[in-house]
Amino acid sequence: MALDKQFIGREYGPYRYTLGEEKMREFTLAVGGAKPGAGTPGEPPAHVSPLLYDEQAAKAGPHGGLIAFPSFAVVFAIRPFSAAIADPALNINMQMLVHGEQDLEFLDVMRPGDVMTTTGRIADLYERARMGFVIVTSESRNQHGTLVVKGTWSAIIRG
Amino acid sequence: MPRTYQPGDTFTHVRECDRYRPIYYAGASGDYNPIHIDPEAGSAAGLNGNILQGLCTLGWVVEAIAGFVEDPGRVRRVKARFSRPVRPEDTITFQGRVTAVQDGRLTAEVSATNQRGEDVLKGAVVEAFIG
């Protein structure tokens, strides 16, 4: 898999995303093991924190309201990574691509209505053992300009 | 009295990837890559069927540390290499061990193994605020 190093540093974004309460709840419960049905994200399994889906419990809790499951951030913070691997300039065969490694830092909680702006760049491109590696870094800031999520995303292109 | 944490403390989290979990996760996350939701597409890509999105497995690591520190809002970092696919009907056991407690922050290593004892993640590390 030939990857042209000239694309290192290529930037993607900014991408804007507004957090919706039902979408946050849906993600929490999909990860958490609920069985969604028409009109409902499903019943919360006992292990899932009520701070993530129960408005009243969350209001009485340490954050004073509902917060997003931390890795809900992937829903919007993945955008520069998905843009990079789909970038025609890189000419990547998506069927041969697997997610190799992931690093996510959560610097603040996320709440319904927060407006996140994500930017990203190709941090590295290289080959090893006849496989291609694409490394993308991302930063997501909320409407106050606070850096909330930092990501390092790595894809492996097999063969 | 708030809970205290020390190096060597352990925690465990077990999750089953039920048959339709990759489809539910696709709906919630937007990751509809056919290798995750279509067994034929997975097989055509040499994966012997469809596989769970790695980021769902990573979400389960977040659940493990969030449960241990009793508040998902305290999770500060998660990092892992996806070393083996998780497949529908797999059961994954996450075992965490605290490696450091310093300045109100806890660091732990997490292993993730399937029902055959094979690692599905490598080098998984989590950090959380405590206290």
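A, B, ... follow the sequence lines: proteins, then strands. Residue 1 opens every chain. Below, each value reflects all heavy atoms present in this structure, side chains not excepted, and no hydrogens, waters or symmetry copies. Treat the numbers as computed from the prediction; the structure is a model and nothing was measured.
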message: For A:A34, which atoms come within 4.5 Å of any heavy atom of chain B: side chain, backbone, both, or neither?
response: backbone
query: Is it the backbone or the side chain of B:A45 that comes under 4.5 Å from a heavy atom of chain A, or both, or neither?
result: both
- request: Mind running side-chain contact (heavy atoms from CB on, under 4.5 Å) on B:T107 and B:V125 for me, showing each step along the way?
  value: CA-CA 7 Å; B:T107 305; B:V125 174; 3.9 Å; yes
message: Please classify the contact between B:L121 and chain A as side chain, backbone, both or neither, with a heavy-atom cut-off of under 4.5 Å.
response: neither
query: Which answer fits A:V109, side chain, backbone, both or neither, if we ask what part of it has an atom under 4.5 Å from a heavy atom of chain B?
result: side chain
task: Please state whether the side chain, the backbone, both or neither of B:R76 comes within less than 4.5 Å of a heavy atom of chain A.
output: both
task: Examine whether an atom of A:I156 lies under 4.5 Å from a heavy atom of chain B, and if so say whether it belongs to the side chain, the backbone or both; otherwise answer neither.
output: neither
- prompt: Using the ring of each side chain (for Trp, its six-membered ring), is B:H13 parallel, tilted or perpendicular to B:F94, with breaks at 30° and 60°?
  reply: tilted
statement: Applying a strict 4.5 Å limit to non-hydrogen atoms, the region of A:L104 in contact with chain B is both
query: Under 4.5 Å between side-chain heavy atoms, hopping through other hydrophobics if needed: is there a path connecting B:I35 to B:F82?
result: no
task: Could you tell me whether B:R116 atom CZ has more than 12 heavy atoms of other residues or ligands within 6.0 Å of it?
output: yes
- prompt: Using a cut-off of under 4.5 Å for heavy-atom pairs, which of B:A124, B:A80, B:C56, B:S83 has the most such pairs with chain A?
  reply: B:A80
task: Would you mind checking which part of A:H63 comes under 4.5 Å of any heavy atom in chain B, side chain (CB onward), backbone (N, CA, C, O), both or neither?
output: side chain
query: Can you check whether A:T18 reaches A:D114 side chain to side chain, under 4.5 Å on heavy atoms?
result: no
statement: Greatest number of non-hydrogen atom pairs under 4.5 angstrom with chain A, of B:R21, B:K122, B:Q53, falls to B:R21
Residue part contacting chain B, namely of A:F69, when any heavy atom lies under 4.5 Å: side chain
task: Can you label the angle between the B:Y24 ring and the B:Y20 ring as parallel, tilted or perpendicular, going by 30° and 60°?
output: tilted
task: Under 4.5 Å heavy-atom distance to chain B, tell me which part of A:V74 shows up: side chain, backbone, both or neither.
output: side chain
query: What is the minimum heavy-atom distance between B:N50 and B:H36, and which atoms define it?
result: ND2-O, 3.1 Å
- prompt: If you count heavy-atom pairs under 4.5 Å between each of B:V61, B:L58, B:L55 and chain A, which one has the most?
  reply: B:L55
field: Residue, of A:E105, A:K150, A:M96, A:M94, that accumulates the most heavy atom pairs under 4.5 Å with chain B
entry: A:E105
Lys/Arg-Asp/Glu bridge criterion (N-O < 4.0 Å) met for B:D9, B:R97: no
field: Choice from B:G54, B:G30, B:C17, B:G73 maximising heavy atom contacts with chain A below 4.5 Å
entry: B:G73
- request: Specify the closest pair of heavy atoms between A:A68 and A:L19, including all atoms of both residues, with the distance to one decimal.
  value: CB-CD2, 4.2 Å
query: Between A:S154, A:S49, A:G32, which residue shows the highest count of heavy-atom pairs closer than 4.5 Å to chain B?
result: A:G32
- request: Decide, yes or no, whether a salt bridge links A:E21 with A:K23 under the criterion of side-chain N to carboxylate O below 4.0 Å.
  value: no
